[in-house]
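Side chains are part of it too, since the values below use all heavy atoms of this structure and drop only hydrogens, waters and symmetry mates. In what follows, chains carry the letters A, B, and so on, assigned in the order in which the sequence lines appear, proteins first and then strands, with residues in each chain numbered from 1.
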2 protein chains.
Amino acid sequence: MFSIEDTPLVRKLGAFVSLSEAELRVLETLHKRRRRFIAGPELVHQGQSDQAAYILASGWACSFKMLKDGGRQIVDFQIPGDFLGLRSVLLHISDHGIEPITDMEVTEVSAADLLVAFERHPRLATAILWAASRDEAMVVEHLVDIGRRHAAERMAHFLLELGARLNLVGMGIKTGYACPLTQTHLADALGLTAIHVNRILRQLRERGLVTFQSGIVTFDSYNEMVDFAEFNPAYLNQGGPLLR
Amino acid sequence: MFSIEDTPLVRKLGAFVSLSEAELRVLETLHKRRRRFIAGPELVHQGQSDQAAYILASGWACSFKMLKDGGRQIVDFQIPGDFLGLRSVLLHISDHGIEPITDMEVTEVSAADLLVAFERHPRLATAILWAASRDEAMVVEHLVDIGRRHAAERMAHFLLELGARLNLVGMGIKTGYACPLTQTHLADALGLTAIHVNRILRQLRERGLVTFQSGIVTFDSYNEMVDFAEFNPAYLNQGGPLLR
DNA sequence: CGCCTAGTTGAGGTAAGTCAATTCACGTGG
DNA sequence: CCACGTGAATTGACTTACCTCAACTAGGCG
């Protein structure tokens, strides 16, 4: 497969559909503005609907929901190549917030452009549908994590999934990866408290499974981890393009 | 909006996109076979990939994931008009099981036909993308439920969401609805044990919020329920078609 | 009648939460 | 250079929401 450009979006959609020259050119025009955000303050506020989605070019982000009592549930983390706020744009509701975890760079994709592109190039719609389905599969796996796994398995599964995703975009190796998340991020994602996250991480480290210290995740015993967490990455990567 | 037929699929997609005559005709041809399943034994086994998705015409089903230790996480429930196994078909993986909760009737939609329809009628792809996004929004809300709400709020939120969904397809009224789920179903969906579900239901009943007995859910105090569960149905229904 | 499944209730255990104190890393300004 | 402040990580003591085990009831159906 050859590509006239190698943007995160092209790489992502190319995994699902073999893109033609014409389709690649359309994708090129979709990348309107390039924007930067600094870590920390939230980018999109809950309830505020937005007319554009983003594709993450560099950095990490997370999308979350807040509750009245101050609790926060992180729905998922975005790494380079992932969509930000696609669902919000499609459904015209932004019912979640987005936080840049690190400084990050995004390219903006307007909702209107996307819909026009769909009309002219149906395969792009199919590709996006696939990408959205993969995202949903991750949320589903996340749901199983929180609903039916104990804290340690939950953490192990989460760290493995993140590693596998980073691998797919060339940001990790089998033995570990750099990870800018705080224990509070982990807690809000896994439905735990930061304190308990700390204890669980120590437990996993002492068991010789995985070490997460000073921003580095190291798999001390990858195979045992996979076994312990019942991790099956089938939902993350399908071999080649599903549509030729 | 007029329709040459009023199937669950047409009703569902019509909520997102105003369908043309030509598009309606294509949808008609998509409904291949009509099949029936009886309650109980599971329909699609975990790991077994299938070449067709279904649209539920009547009855209830649920999709779930099993864990090695025998635990089960129900991901969502399907009521008439909902897709069954769409994600599996798109991603060519069936990583979850499906259980008919009641006897049910479905219409089959083959993966190949769907992809062809997308090529010829891009708006259909857009419509399905929207429907899939709505499903994802429900899973996200489910995630928040399990991750950050206590058992009672979780249950209240779940019963309200289900009520709102049934309302949309004309199967419930504001004061309650018929519900064939067992306490075990509720437990597996909400990440609890059946025993605890029982206690929580009693608690909600004694607080005068909601009564779930012998297959009937009755909202004893709808507004207080909504407040108690922080229920906001914005993600379920968007006013009219998003694409004209 | 007897069996089976779903629901109900009690007693006691445990995973995870809460509250509180301490340490550590890192910037920033005096 | 050092004092200081701030946010993250760490650890301990105690509480609690939910689980486990176990017994019992109620309804449906051959």
Side-chain angles (χ1 to χ4, degrees), chain A residues 38-41 60 62 67 69-74 99-103 145-156 158-159 178-207 210-217 228, chain B residues 38-41 60 62 67 69-74 99-103 145-156 158 178-207 210-217:
Chain A
I38 57 165
W60 292 49
C62 68
L67 285 93
D69 67 0
R72 172 167 95 149
Q73 177 63 49
I74 292 180
E99 174 192 321
I101 291 171
T102 66
D103 291 352
D145 244 20
I146 294 186
R148 280 288 180 245
R149 283 193 247 258
H150 287 186
E153 302 161 330
R154 216 182 282 187
M155 177 67 72
F158 172 79
L159 293 176
C179 177
L181 305 180
T182 65
Q183 292 184 355
T184 302
H185 283 126
L186 294 175
D188 286 345
L190 299 178
L192 302 169
T193 56
I195 294 172
H196 201 58
V197 162
N198 184 289
R199 292 194 248 260
I200 293 299
L201 285 176
R202 173 152 54 98
Q203 190 181 310
L204 289 174
R205 191 183 335 125
E206 285 170 357
R207 282 212 222 177
V210 65
T211 304
F212 184 176
Q213 268 170 341
S214 54
I216 307 287
V217 173
F228 175 68
Chain B
I38 57 166
W60 292 49
C62 68
L67 285 95
D69 68 359
R72 172 168 95 148
Q73 177 64 48
I74 292 180
E99 175 193 320
I101 291 171
T102 66
D103 291 352
D145 245 19
I146 294 186
R148 281 287 180 244
R149 283 192 247 258
H150 287 185
E153 303 160 329
R154 214 182 284 186
M155 176 68 71
F158 173 80
C179 177
L181 305 180
T182 65
Q183 293 185 354
T184 302
H185 283 126
L186 294 175
D188 287 346
L190 300 178
L192 302 169
T193 57
I195 293 174
H196 200 59
V197 162
N198 184 291
R199 291 195 247 257
I200 293 299
L201 285 176
R202 173 153 53 97
Q203 192 180 308
L204 290 175
R205 191 183 335 124
E206 286 171 355
R207 282 213 221 177
V210 64
T211 305
F212 185 176
Q213 267 170 343
S214 54
I216 307 286
V217 173

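- For the pair B:E206 (side chain) and B:Q203 (backbone), a donor-acceptor distance under 3.5 Å is absent.
- The CG-C1' distance, from A:L190 to C:dG17, rounds to 15 Å in whole Å.
- Per the geometry, CG belonging to A:L192 stands 20 Å off P belonging to D:dT16, to the nearest Å.
- When atom types are taken as modelled, the side chain of B:R72 and the backbone of B:H185 share no donor-acceptor pair closer than 3.5 angstrom.
- In this entry the distance linking CD of A:Q213 with P of D:dA9 reads 11 Å, nearest Å.
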### Query
What is the per-nucleotide protein-contact pattern of nucleotides 24-30 of chain D, from the 5' end, where B denotes a base atom under 4.0 Å from a protein heavy atom, S denotes such proximity for sugar-phosphate atoms only, and - denotes neither?
-------

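- Between the CG atom of A:L201 and the C1' atom of D:dA8 there is a distance of 13 Å, rounded to whole Å.
- Side-chain atoms of B:R154 come within 3.5 Å of backbone N or O of B:L190 as a donor-acceptor pair.
- Under the 3.5 Å distance criterion, the side-chain polar atoms of A:D188 are left unmatched by any main-chain donor or acceptor of A:Q73.
- Residues B:I146 and A:G147 approach most closely at CG2-CA, 3.7 Å, considering heavy atoms.
- Summarising the geometry, the separation between CD on A:E206 and P on D:dT10 is reported as 11 Å, rounded to the nearest angstrom.
- An OP1 or OP2 oxygen of D:dA9 is reached within less than 4.0 angstrom by no side-chain nitrogen or oxygen of A:N198.
- Between A:T184 and A:H150, it is A:T184 whose nearest contact on DNA chain D lies nearer the 5' terminus.
- Contact annotation: B:T193 reaches the phosphate of D:dC19 (side-chain N/O to OP1 or OP2, under 4.0 Å).
- If you check every strand for non-hydrogen atoms under 4.0 Å, A:G215 touches nothing.
- Distance from the side chain of B:I195 is smallest for D:dT20 among the nucleotides D:dT20, D:dC19, C:dT18.
- Rounded to an integer number of Å, the gap from CG of B:L181 to P of C:dT5 is 19 Å.
- We find that NE2 of B:H196 is positioned 18 Å from P of C:dT14, with the value rounded to whole Å.
- Defining each end axis of the helix from C:dC1-D:dG30 to C:dG30-D:dC1 as the rotation carrying four pairs' C1' atoms onto the next four, with five pairs an end, the two axes are found to diverge by 30° to 10 degrees.
- In terms of heavy-atom proximity, A:L204 sits nearest to A:A156 at CD1-N, 4.3 Å.
- The two residues B:A187 and B:T193 come nearest to each other via the heavy atoms CB-C, 3.5 Å.
- Distance alone, capped at 3.5 Å, is enough to place a donor-acceptor pair between the A:T102 side chain and the A:W60 backbone.
- Among D:dT10, D:dA9, C:dG7, the nucleotide with an atom closest to any side-chain atom of A:T182 is D:dA9.
- Taking the side chain of B:R199 as heavy atoms from C-beta on, and the options C:dG7, D:dT11, D:dT20, the nearest nucleotide is D:dT20.
- No option in A:L181, A:L192, A:I200 other than A:L181 meets the side-chain contact (heavy atoms from CB on, under 4.5 Å) test with A:L186.
- The minimum heavy-atom distance linking A:D145 with A:F158 is given by the pair OD2-N, 4.0 Å.
- Contact annotation: B:Q183 side-chain N/O to C:dT5 OP1/OP2 distance is not under 4.0 Å.
- Look at CG on A:L186: it is 8 Å from P on D:dA9, rounded to the nearest Å.
- The residue B:A151 sits close only to the backbone: its heavy atoms come under 4.0 Å of sugar-phosphate atoms, none of a base.
- The phosphate of C:dT9 has OP1 or OP2 within less than 4.0 Å of a side-chain N or O from B:R202.
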